[in-house]
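Following: one structure in structure tokens, then a few remarks.
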Amino acid sequence: MKRILALVLALLSCVGLLSGCGGDTAGDPADAQTGDGTRPSIIRFSADSTPKIDPAVITDLVGSVCVENLYDNLTYPDETPNLATDWEASPDGLEYTFHLKEGVKFHSGNDLTASDVVFSFNRFKTIGQGFAYLFDTVEECVADDDYTVRFVLAEPLGSFMGIIWHLYILDEETVMANIVDDGTYGEYGDYAMAWLLDNDAGSGPYTATEMVHSDYFLASRFPDWHMGWEGRENAPEQFQAIYLTEPSTQQTMMTNQELEISSPWFAPENYEALDEIEGVELAFTTWACTQYIFFNTQAAPTDDLNYRKALSCLLDYESFLGPVFYGAERSVGPVSSAINGHNDSCTTYNYDIEQAKEYLAQSRYADTYQDIELECFLLDSAPALEKMMLSLQANCAQVGITMNIRKGPWLTYQEQISNPDSAPNVSTCNITPSVNDAASVMRTLFGSATQGTFENPTWVSTPELDERLDTAVTILDTDERNAAAMELQDYVMAELCASAPVADMANPYAYQSTYIDWPVADYYNETGELKYYALGMDMYMPDISIYTDR
């Protein structure tokens, strides 16, 4: 058994930072002990916001990490059993039956049964936030007996086993005991959404201990976790997500050993400074996240295909990989190379000023484009991306295009892209797929159902495209589904050019290498390769201490 976590006396510095934290579950983090009962055992990592810990609403990284440790799902993303011991699908792909593990306890002490799975599914679908959209084709979840549940689909979904892990199971009795009657869900009141901001109703390896909004979230080991702690004695007793955004603050905390794992969102120079701290090393991994430049295909002049192709040739892709996107690789097509069904021979546009001029000459704005100002939106919280957009702005000027860059917060961006009339001509965002399946990723990026969301701000839509996307995801045979997805990737790039995929992102972290053993880092340091992890899975110490030895 791999030695998962080794903590030394250096961790005693957490006492001052965490004084006053605690709860009935485990008390002050400074009192938490490792398996041999001698040292504090806690992993602290940075959060860019107060984490949401309600499984029905999470989509972000930190929320996903926390929820993954508070709750259990039926299977893991790699289809390894968790709450489900085994399962089978009907030949037509319209029914999936799962057989549940018996004897699983929620944090409340209640037994987990099929009724809780049905309740969790219905709550998820009714609230309709987070990753609920993935289950649009699932009509119902039925309890056949206390330990058997059946999902009924309206049409086949080839990636169903790739999305089922997004359904986390809640304790029905605990949720119902904490609802606010004056809610929007009828007899279910607020579905305990207010209570679940600060508490959990899960059966996972850790349980919520304390939430201090805009400060930190603390969780502690659940002694009766159904997987058991034998062989995992070195897993941390607690983990803490600390609201930290300033690189300088994290650098100080890493120096003082008050933080174990840094943010993955810094500029390269910040990581280089962290790497110079004694005992701190860098590691890279990937969530199959891609950085895109998006074009509004409904607004002039980006409503013209050749104009969009010209913009795609004005991006100096290779120059961004180091200075802007630390450790990243050049994108080939709209689907990350880490995703099943990626087309590595997809049509790709390269930085070429002369080619851009040729495309402009072929556009319907050939005689007027110099008189039309291009509107670009840039998130004000993404200074590294400003380098990329300023480079594009300068290259546009070389061919006579005026591009105006406006900055604003995330909420403003979401509001603007929700309507094609207000969406900017050009915007940039990185997207992390919610399922490891190229056909599903393509439908999310380019299907009509997701238009106006941050995953699909291009407003590109044709009946042919929708039909092909909808058909591809229903193909049950993986090879056939991937083949259809590969054709779609090339079609979208060559015939629609609604976006310019820039970089397959690497996710860099600084971590305390002298006193934690982190398999994520070990893999990178030993192979030099980026390993794909589903969002929230196997990323932080509580995860890896549990899942790497399956």
Side-chain angles (χ1 to χ4, degrees), residues 23-26 51-58 63-76 81-85 98-127 129-132 135 140-149 151 164-181 183 185-211 217-229 239 536 542 546:
D24 293 337
T25 303
K52 296 178 180 178
I53 58 172
D54 182 342
V57 302
I58 55 135
S64 296
V65 170
C66 292
V67 164
E68 182 60 37
N69 285 286
L70 299 173
Y71 292 87
D72 283 311
N73 34 30
L74 296 177
T75 73
Y76 296 110
N82 188 5
L83 293 177
T85 58
F98 293 83
H99 306 281
L100 304 181
K101 184 177 183 178
E102 298 186 27
V104 176
K105 295 287 185 182
F106 284 110
H107 299 155
S108 65
N110 295 329
D111 290 325
L112 187 153
T113 67
S115 176
D116 297 296
V117 178
V118 174
F119 174 82
S120 300
F121 173 79
N122 291 337
R123 180 179 184 272
F124 196 25
K125 288 273 287 186
T126 300
I127 292 174
Q129 299 180 37
F131 293 112
F135 293 81
E140 63 176 339
C141 177
V142 180
D144 290 337
D145 58 45
D146 284 348
Y147 292 100
T148 307
V149 291
F151 293 86
I164 192 62
W165 71 276
H166 284 290
L167 175 63
Y168 292 94
I169 311 308
L170 293 84
D171 180 350
E172 177 180 5
E173 183 177 335
T174 295
V175 171
M176 292 304 295
N178 288 283
I179 65 171
V180 175
D181 291 332
Y185 302 106
E187 64 179 302
Y188 295 101
D190 74 336
Y191 251 136
M193 291 184 72
W195 187 79
L196 287 167
L197 288 173
D198 304 318
N199 304 276
D200 80 85
S203 62
Y206 292 82
T207 184
T209 300
E210 187 170 21
M211 173 76 81
F217 169 67
L218 178 70
S220 305
R221 269 200 207 182
F222 175 48
D224 295 327
W225 180 49
H226 69 99
M227 288 287 194
W229 293 99
F239 73 85
I546 293 161

### Query
When you look at I127 and Y185, which way does the side chain to side chain contact (heavy atoms under 4.5 Å, CB included) test go after all the steps?
CA-CA 8 Å; I127 292 174; Y185 302 106; 3.8 Å; yes

### Message
What verdict does the side chain to side chain contact (heavy atoms under 4.5 Å, CB included) test give for D72 and M227, after you've listed the backbone C-alpha separation in whole Å, the side-chain angles of each residue and the deciding distance to 0.1 Å?
### Response
CA-CA 10 Å; D72 283 311; M227 288 287 194; 5.9 Å; no

### Query
Can you check side chain to side chain contact (heavy atoms under 4.5 Å, CB included) on L83 and K101, steps first, answer last?
CA-CA 5 Å; L83 293 177; K101 184 177 183 178; 5.6 Å; no

### Task
Go through the steps for F124 and Y168 under the test side chain to side chain contact (heavy atoms under 4.5 Å, CB included), then give the verdict.
CA-CA 9 Å; F124 196 25; Y168 292 94; over 6 Å; no

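The closest donor-acceptor contact from the side chain of S120 to the backbone of L170 lies under 3.5 Å. Within the 3.5 Å criterion, the main-chain N or O of N73 finds a donor-acceptor partner in the side chain of N82. When atom types are taken as modelled, the side chain of Y71 and the backbone of A201 share a donor-acceptor pair closer than 3.5 angstrom.
Within the 4.5 Å cutoff, side-chain heavy atoms of F239 are placed close to those of F217. Residues K52 and Q129 form no side-chain contact, since every pair of their non-hydrogen atoms from C-beta on lies 4.5 Å or further apart. Residues T113 and Y147 meet the side-chain proximity criterion, which asks for heavy atoms closer than 4.5 Å. Using a 4.5 Å heavy-atom cutoff, the side chains of I169 and S203 are not in contact. Looking only at side-chain heavy atoms (C-beta outward), F222 and L70 stay at 4.5 Å or farther from each other. Two residues are said to be in side-chain contact when any heavy atoms from C-beta on lie closer than 4.5 Å; P205 and W229 meet this criterion.
A distance of 10.5 Å separates OG1 of T85 from CG of L74, quoted to the nearest 0.5 Å. Within the model, atoms CG of L218 and OG1 of T209 stand 4.5 Å from one another, a figure rounded to the nearest 0.5 Å. Interatomic distance, T126 OG1 to F119 CZ, rounded to the nearest 0.5 Å: 9.5 Å.
Listed by first and then second residue, the salt bridge (charged side-chain N to carboxylate O under 4.0 Å, His left out) pairs that reach into residues 107-126 are D54-R123, K105-D111, sequence neighbours excluded.
Contact between I179 and A192 at its shortest, heavy atoms only, is CG2-N, 3.7 Å. Of all the heavy atoms in D198 and A208, the pair that sits closest is O-CB, 4.1 Å.
The side-chain hydrogen bond (donor to acceptor under 3.5 Å, both in side chains) with H107 is formed by just one residue from the set N199, T174, D200; it is D200.
For the residue pair E172 and S115, a side-chain donor N or O sits within less than 3.5 Å of a side-chain acceptor on the partner.
The aromatic ring centroids of F98 and W165 lie 6.0 Å or more from each other. F151 has its ring centre less than 6.0 Å from the ring centre of F121.
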